[in-house]
Amino acid sequence: MFETNPTPLADRTLTLDRLIDVPRAKLYRCWTEKALLEQWFCPKPWRVSVQKMDVRSGGDSELTMHGPNGETMPHPGVYLEVVPNEKIVFTDAFTRAWEPSAKPFFVCSVTFKDEGGKTRYHATAVHWTVEDCKAHEEMGFHEGWSIATDQLTALAKTL
C-alpha cells in the first residue's frame, strides 16, 4: 500500500516571482546560452562556469559555482522539461545519463509568460526535504536569487 507524503509541498518550496520588462525570448536565451548564463547566474562576487549545457528534455548539464575565496561547488544535473521561451525544469536528482545523484536536493522550474507587454518570470525550487528547503533559505535563497534575477534582467535588456 502506498502512503502520501505527510509533509505539505509548501513546506519544501521556495519561489521567486517577478514581472520583468524584457521579452521572454531574451530571458530564455540568458538561461540557455552558455556565454550568457555565465554572465548572470550567481550573485557577484560569485561566478559560474559552464562545462556542459545540453538544453533539451533529458539533456544533462554541468555547472560549477566559484566563490571569491576559492570555493567551488559543482552542480551536475538533468533537464527534465524544456519548452522554448516558456519553461525550463531541471534537477540535481540525476546526473549525466540519468544516473541518480548521491544526494538529491531540489527540482527547479522556471517559467516565462507574456503579461501586459512584459514577462512574468517565476522560479520555483521544490526540495526533497523540509530540512533541505530550510538550509537553502538560510544559504540566502531569497537574496541570492533576487540579485541573480536583477543581473539576468540587466543582461537581457542589452540583447
Side-chain angles (χ1 to χ4, degrees), residues 8-68 73-96 101 104-128 130 132-159:
L9 192 60
D11 289 350
R12 294 181 286 132
T13 303
L14 298 171
T15 61
L16 179 137
D17 188 79
R18 291 256 187 99
L19 187 60
I20 300 175
D21 193 11
V22 174
R24 64 185 174 149
K26 291 182 178 186
L27 295 170
Y28 180 82
R29 278 187 61 202
C30 291
W31 266 96
T32 59
E33 294 180 22
K34 175 186 185 286
L36 297 175
L37 187 88
E38 290 181 332
Q39 294 180 55
W40 70 267
F41 192 75
C42 293
K44 293 177 182 12
W46 285 74
R47 65 179 183 83
V48 70
S49 61
V50 177
Q51 291 75 50
K52 183 174 186 180
M53 283 179 66
D54 183 7
V55 185
R56 62 178 176 84
S57 299
D60 53 327
S61 68
E62 294 179 34
L63 313 174
T64 303
M65 294 173 70
H66 304 274
M73 299 173 62
H75 292 281
V78 169
Y79 293 98
L80 301 174
E81 182 179 10
V82 177
V83 180
N85 301 320
E86 292 181 20
K87 185 179 198 178
I88 302 169
V89 181
F90 59 94
T91 185
D92 64 351
F94 297 101
T95 61
R96 62 190 149 275
S101 68
F105 186 66
F106 78 136
V107 174
C108 183
S109 173
V110 179
T111 58
F112 315 90
K113 295 182 181 176
D114 292 329
E115 185 176 316
K118 299 178 182 180
T119 301
R120 175 62 60 186
Y121 175 81
H122 189 83
T124 304
V126 180
H127 302 79
W128 255 253
V130 170
D132 284 345
C133 185
K134 287 179 182 174
H136 199 182
E137 191 167 29
E138 289 169 4
M139 282 189 277
F141 171 87
H142 296 290
E143 181 181 9
W145 283 47
S146 183
I147 292 168
T149 301
D150 291 343
Q151 294 170 175
L152 164 66
T153 301
L155 176 61
K157 285 181 177 185
T158 69
L159 300 179

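Between the side chain of Gln151 and the backbone N or O of Gln39 there is no donor-acceptor pair closer than 3.5 Å. When atom types are taken as modelled, the side chain of Thr91 and the backbone of Phe106 share a donor-acceptor pair closer than 3.5 angstrom. The main-chain N or O of Leu155 is never found under 3.5 Å from a side-chain atom of Trp40 such that the two would form a donor-acceptor pair. Listed for the Ser109 side chain is no donor-acceptor partner under 3.5 Å among the backbone atoms of Val89. Side-chain N or O atoms of Glu38 include one that pairs as donor or acceptor with a backbone N or O of Val50 at under 3.5 Å. The main-chain N or O of Val130 is never found under 3.5 Å from a side-chain atom of Asp11 such that the two would form a donor-acceptor pair.
In this structure, the separation between NZ on Lys34 and CG on Leu63 is 10.5 Å, given to the nearest 0.5 Å. If you take CZ on Arg47 and SG on Cys42, they are separated by 9.0 Å, rounding to the nearest 0.5 Å. Atoms OH and NZ, on Tyr28 and Lys87 in that order, are 12.5 Å from each other to the nearest 0.5 Å. For the atom pair Glu137 CD and Glu143 CD, the distance stands at 12.5 Å (nearest 0.5 Å). Considering CE of Met139 and CH2 of Trp145, their distance stands at 10.5 Å, rounded to 0.5 Å. Here the NZ atom belonging to Lys157 is positioned 12.0 Å from the SG atom belonging to Cys30, to the nearest 0.5 angstrom.
Considering all non-hydrogen atoms of both residues, Ala93 and Trp128 come closest at CB-CH2, 3.5 Å. Pro43 and Gly144 make their closest contact through CG-O, 3.4 Å (heavy atoms, listed as atom of the first residue, atom of the second, distance). Residues Thr95 and Ser101 share a closest heavy-atom pair of CG2-CB, 4.1 Å. The two residues Asp54 and Tyr79 make their nearest non-hydrogen contact at O-CD1, 3.2 Å.
Put simply, the side chain of Asp60 does not reach to within 4.5 Å of the side chain of Phe94, judged on heavy atoms. The closest side-chain heavy-atom distance from Trp31 to Val55 is not below 4.5 Å. Side-chain contact between Cys133 and Leu14 is present, with heavy atoms from C-beta onward closer than 4.5 Å.
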Show me, pair by pair, the donor-acceptor contacts under 3.5 angstrom made by side chains of residues 18-26, not counting sequence neighbours?
from: Arg18; atom 1: NH1; to: Asp150; atom 2: OD1; distance (Å): 2.9
from: Arg18; atom 1: NH2; to: Ser146; atom 2: O; distance (Å): 3.2
from: Arg18; atom 1: NH2; to: Ser146; atom 2: OG; distance (Å): 2.7
from: Arg18; atom 1: NH2; to: Asp150; atom 2: OD1; distance (Å): 3.2
from: Arg24; atom 1: NE; to: Asp114; atom 2: OD1; distance (Å): 3.3
from: Arg24; atom 1: NH1; to: Asn85; atom 2: O; distance (Å): 3.3
from: Arg24; atom 1: NH1; to: Phe112; atom 2: O; distance (Å): 3.4
from: Lys26; atom 1: NZ; to: Leu159; atom 2: O; distance (Å): 2.6

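Using a 4.0 Å cut-off between a side-chain N of Lys or Arg and a carboxylate O of Asp or Glu, Asp132 and Arg12 do not qualify as a salt bridge.
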(request) Determine, step by step, whether Val82 and Thr32 satisfy the side chain to side chain contact (heavy atoms under 4.5 Å, CB included) criterion, reporting the C-alpha distance in whole Å, the side-chain angles of both residues, the deciding distance to 0.1 Å, and the verdict. (result) CA-CA 10 Å; Val82 177; Thr32 59; 5.6 Å; no
(request) Give the C-alpha distance, both sets of side-chain angles, the deciding distance and a yes or no for side chain to side chain contact (heavy atoms under 4.5 Å, CB included) between Tyr121 and Thr153. (result) CA-CA 10 Å; Tyr121 175 81; Thr153 301; over 6 Å; no
(message) Between His75 and Phe41, does the side chain to side chain contact (heavy atoms under 4.5 Å, CB included) criterion hold? Intermediate values first, please.
(response) CA-CA 13 Å; His75 292 281; Phe41 192 75; over 6 Å; no
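No side-chain N or O of Thr64 forms a donor-acceptor pair with one of Glu62 less than 3.5 Å apart. In this structure, a donor-acceptor pair under 3.5 Å is present between the side chains of His122 and Thr124.
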